[in-house]
Amino acid sequence: QVQLVESGGGLVQAGGSLRLSCAASTRIFSSYDMAWFRQAPGKEREFVAALNWKGISTYYADSVKGRFTISRDNAKNTMYLQMNSLKPEDTAVYYCAAERGVVTTTKWDEYDYWGQGTQVTVSS
């Protein structure tokens, strides 16, 4: 069982930055592909960013490409999402997720473990 705990959310003005963290309980964190998803009120959960277990291959939704950066520190069992140039439409609950599939996926239903989520609110 893998437990994931997100932190770093909050209220920020448009154009500002936030850095989300996702701490994992497992010692084998380095064997998991990791991802960030988000869900705004009344909308479906959507993919934001993912990276493979080595932290070499990264994937981004078009809506965040060039503004968000996903990274991981396997020594600290932690993943990050640096969010710059935030927009009001980035407002959502952000979730981190982990999976040990053969190929890094952007599909939420292929992830096995989820955090409880952290709220990000961007004011205009």
Exercise for the section: Not counting sequence neighbours, list each pair that qualifies as a disulfide bond (SG atoms under 2.5 Å apart) and has a residue in residues 44-78. Expected result: none
Exercise for the section: Treat each ILVMFWY residue as a node, draw an edge where side-chain heavy atoms are under 4.5 Å apart, and state whether Trp53 and Ile28 are in one component. Expected result: no
Exercise for the section: For this output row, return yes or no: ring centroids of Phe37 and Trp114 closer than 6.0 angstrom. Expected result: yes
Problem - Donor on one side chain, acceptor on other, Asn52 and Thr104, under 3.5 Å - result: no
Problem - Any donor-acceptor N or O pair under 3.5 Å, side chains Asn84, Ser17 - result: yes
Practice task
Establish, for the pair Arg67 and Tyr60, whether the NZ or CZ atom is under 6.0 angstrom from the six-membered ring centre and no further than 45 degrees off its axis.
Solution key: no
Exercise for the section: Run the salt-bridge test on Lys65 and Asp62 with the 4.0 Å N-O cut-off and return the result as yes or no. Expected result: yes
Problem - Geometric cation-pi criterion Arg72 and Tyr80, 6.0 Å radius, 45° cone - result: no
Completion exercise
Heavy-atom closest pair (Leu4 atom, Ala24 atom, distance to 0.1 Å) is CD2-CB, 3.7 Å
Handout entry: Cluster check Ile70, Leu86: I/L/V/M/F/W/Y, side chain < 4.5 angstrom
Key = yes
Problem - Worked check of side chain to side chain contact (heavy atoms under 4.5 Å, CB included) between Ser31 and Arg100 - result: CA-CA 7 Å; Ser31 66; Arg100 292 180 70 181; 3.6 Å; yes
Exercise for the section: Just do the side chain to side chain contact (heavy atoms under 4.5 Å, CB included) check on Asp90 and Arg38 with the steps written out, would you? Expected result: CA-CA 9 Å; Asp90 294 319; Arg38 66 186 182 187; 2.9 Å; yes
Exercise for the section: Kindly compute the distance separating OH (Tyr111) from OG1 (Thr106), expressed to the nearest 0.5 Å. Expected result: 7.5 Å
Exercise for the section: Evaluate the ring planes of Phe68 and Tyr94, with Trp represented by its six-membered ring, and classify them as parallel (under 30°), tilted (30 to 60°) or perpendicular (over 60°). Expected result: tilted
Problem - Joint cluster assignment, Leu51 & Val48, ILVMFWY side-chain distance < 4.5 Å - result: yes
Handout entry: Heavy-atom check, side chain of Met83 versus side chain of Leu20, under 4.5 Å
Key = yes
Exercise for the section: Test side chain to side chain contact (heavy atoms under 4.5 Å, CB included) on Trp36 and Phe47 and set out the steps. Expected result: CA-CA 7 Å; Trp36 289 97; Phe47 168 76; over 6 Å; no
Handout entry: Considering all heavy atoms, the nearest Ser21-Thr78 contact
Key = CB-CG2, 4.3 Å
Exercise for the section: Give the intermediate values and the outcome of side chain to side chain contact (heavy atoms under 4.5 Å, CB included) for residues Val122 and Leu11. Expected result: CA-CA 6 Å; Val122 184; Leu11 173 64; over 6 Å; no
Practice task
Show your working on side-chain hydrogen bond (donor to acceptor under 3.5 Å, both in side chains) between Gln82 and Thr69 and close with a plain yes or no.
Solution key: CA-CA 5 Å; Gln82 178 66 43; Thr69 303; over 6 Å; no
Exercise for the section: Indicate the atoms forming the closest heavy-atom contact of Ala92 with Ala40, along with that distance. Expected result: CB-N, 3.8 Å
Completion exercise
Here the pair of heavy atoms bringing Cys22 nearest to Met34 is SG-CE, 4.2 Å
Completion exercise
Taken to the nearest 0.5 Å, the spacing of Gln13 CD from Thr121 OG1 works out to 13.0 Å
Exercise for the section: Could you verify whether a donor N or O on one side chain and an acceptor N or O on the other, from Glu6 and Thr118, lie under 3.5 Å apart? Expected result: no
Exercise for the section: Output all residues satisfying side chain to side chain contact (heavy atoms under 4.5 Å, CB included) with Val93, sequence neighbours left out; order by chain, then residue number. Expected result: Tyr95, Gln119
Problem - Least distance between heavy atoms, Cys96 atom then Met79 atom - result: CB-CE, 3.5 Å
Handout entry: From Trp108 atom CH2 to Glu46 atom CD, the distance as rounded to the nearest 0.5 Å
Key = 13.5 Å
Completion exercise
Of Glu110, Glu99, Lys54, the one forming a side chain to side chain contact (heavy atoms under 4.5 Å, CB included) with Asp33 is Glu99
